[in-house]
Amino acid sequence: MADQSDSDSPGYVKLVSAEGHEFFMDRDTAISASQTIRLMLEGSFKEAQDNIIQLPDISGYILEKVVQYLHYKAQYSNSDSRIPEFPIEPELALELLIAAKYLDC
């Protein structure tokens, strides 16, 4: 078996934006936060073997905000304390809504 770096280990998944920007995130966090990502990584798709998900319809700055939200969602999903507001710039709202709908998060 070949040596794998931390970014290629099964513990992480690489999300790639339309421009080719790469975002690494914990695989379990991605699976629990997004139904679409869960289906891609747990099914018999190429993404499940490679741990790389190409998102050609989502730009880099939107994907960055989506990754931030997925971490936010994982952190506060079972919280009993007051949940802080997730900041969304008004000019990004429509694109974020479309990405969230696609990723089912």
Side-chain angles (χ1 to χ4, degrees):
M1 186 163 146
D3 289 339
Q4 293 181 339
S5 68
D6 288 341
S7 63
D8 294 333
S9 70
Y12 290 90
V13 62
K14 183 190 326 183
L15 306 176
V16 183
S17 73
E19 304 88 359
H21 296 127
E22 299 175 348
F23 299 89
F24 292 90
M25 70 180 300
D26 180 70
R27 183 182 170 96
D28 292 334
T29 301
I31 287 172
S32 66
S34 168
Q35 180 72 5
T36 302
I37 292 174
R38 183 181 70 77
L39 292 172
M40 288 178 171
L41 293 176
E42 291 182 345
S44 57
F45 298 103
K46 183 177 186 268
E47 291 85 356
Q49 297 168 0
D50 297 343
N51 282 322
I52 299 172
I53 298 178
Q54 300 283 337
L55 299 165
D57 296 328
I58 301 178
S59 62
Y61 64 94
I62 294 297
L63 186 56
E64 178 179 14
K65 197 69 168 177
V66 168
V67 169
Q68 290 172 0
Y69 175 75
L70 295 178
H71 283 284
Y72 169 88
K73 183 178 178 181
Q75 181 178 1
Y76 293 108
S77 62
N78 295 321
S79 178
D80 292 332
S81 63
R82 184 171 182 266
I83 299 172
E85 183 175 324
F86 184 77
I88 297 175
E89 296 80 11
E91 59 273 9
L92 302 180
L94 181 59
E95 288 181 84
L96 282 170
L97 183 63
I98 293 168
K101 175 74 174 158
Y102 173 72
L103 294 172
D104 195 12
C105 57

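Note that the numbering runs from 1 along the sequence shown for the chain. A quick note: this is a predicted structure, and the numbers were derived from the prediction, not measured.
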At what distance, to the nearest 0.5 angstrom, does [atom1] of [X] lie from [atom2] of [Y]?
| X | Y | atom1 | atom2 | answer |
| --- | --- | --- | --- | --- |
| Ile58 | Glu64 | CD1 | CD | 13.5 Å |
| Asn51 | Lys46 | CG | NZ | 11.5 Å |
| Leu63 | Leu70 | CG | CG | 8.5 Å |
| Asp57 | Ile62 | CG | CD1 | 13.0 Å |

Next on the checklist: Before you tell me yes or no, could you show the steps for Ile37 and Leu15 under side chain to side chain contact (heavy atoms under 4.5 Å, CB included), namely the whole-Å CA-CA distance, both residues' side-chain angles and the distance that decides it to 0.1 Å?
Outcome noted: CA-CA 10 Å; Ile37 292 174; Leu15 306 176; 4.3 Å; yes
Next on the checklist: Looking at every non-hydrogen atom in both residues, tell me the closest pair between Ala18 and Pro56 and how far apart they are.
Outcome noted: CB-O, 3.2 Å
Checklist entry - Between Gly43 and Ala48, what is the shortest heavy-atom contact and its length? => result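 Closest pair (atom of Gly43, atom of Ala48, distance): O-CB, 3.3 Å.
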Checklist entry - Taking a hydrophobic cluster as the set of Ile, Leu, Val, Met, Phe, Trp and Tyr residues connected by side-chain heavy atoms closer than 4.5 Å, whether directly or through intermediates, do Leu97 and Phe86 fall within one such cluster? => result no
Next on the checklist: With clusters defined by side-chain heavy atoms of hydrophobic residues (ILVMFWY) lying less than 4.5 Å apart, directly or transitively, does Leu39 cluster with Tyr102?
Outcome noted: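 No: no chain of side-chain contacts under 4.5 Å links Tyr102 to Leu39.
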Next on the checklist: Would the distance check show the side chain of Ser34 and the main-chain N or O of Ala30 forming a donor-acceptor pair, the cut-off being under 3.5 Å?
Outcome noted: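 Pair absent, no side-chain N/O of Ser34 close to backbone of Ala30.
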Next on the checklist: Between Ile53 and Leu41, does the side chain to side chain contact (heavy atoms under 4.5 Å, CB included) criterion hold? Intermediate values first, please.
Outcome noted: CA-CA 9 Å; Ile53 298 178; Leu41 293 176; 4.1 Å; yes
Non-neighbouring partners of [X] that pass side-chain contact (heavy atoms from CB on, under 4.5 Å), sequence neighbours left out:
| X | result |
| --- | --- |
| Ile52 | Lys14, Val16, Asp50, Gln54 |
| Glu89 | Lys65, Glu91, Leu92 |
| Glu19 | Ser17, His21, Ser59 |

Next on the checklist: Test: salt bridge (charged side-chain N to carboxylate O under 4.0 Å, His left out). Region: residues 93-105. Which pairs qualify, not counting sequence neighbours?
Outcome noted: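 Applying salt bridge (charged side-chain N to carboxylate O under 4.0 Å, His left out) to every pair that reaches into residues 93-105, excluding sequence neighbours, yields nothing.
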Item to check | Pairs meeting criterion salt bridge (charged side-chain N to carboxylate O under 4.0 Å, His left out) with involvement of residues 66-78, two or more places apart | outcome: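 Output for this query is empty, none listed.
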Checklist entry - Listed by chain and number, what are the salt bridge (charged side-chain N to carboxylate O under 4.0 Å, His left out) partners of Glu42, not counting sequence neighbours? => result Arg38
Item to check | Contacts of Asp26 that satisfy side-chain hydrogen bond (donor to acceptor under 3.5 Å, both in side chains) - sequence neighbours left out | outcome: Thr29
Next on the checklist: Under the rule for side-chain hydrogen bond (donor to acceptor under 3.5 Å, both in side chains), what residues qualify as partners of Ser81, not counting sequence neighbours?
Outcome noted: Ser79
Item to check | ring pair (Phe, Tyr, Trp, His ring centres under 6.0 Å) involving Tyr76 - partner list, sequence neighbours excluded | outcome: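 For Tyr76, the residues satisfying ring pair (Phe, Tyr, Trp, His ring centres under 6.0 Å) (neighbours in sequence not counted) are Tyr72.
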Checklist entry - Should side-chain heavy atoms under 4.5 Å link Ile, Leu, Val, Met, Phe, Trp and Tyr, which residues sit in the same cluster as Ile98? => result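 Other cluster members: Leu94.
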Checklist entry - Do any pairs count as a ring pair (Phe, Tyr, Trp, His ring centres under 6.0 Å) and have a residue in residues 31-61, sequence neighbours left out, and if so which ones? => result none
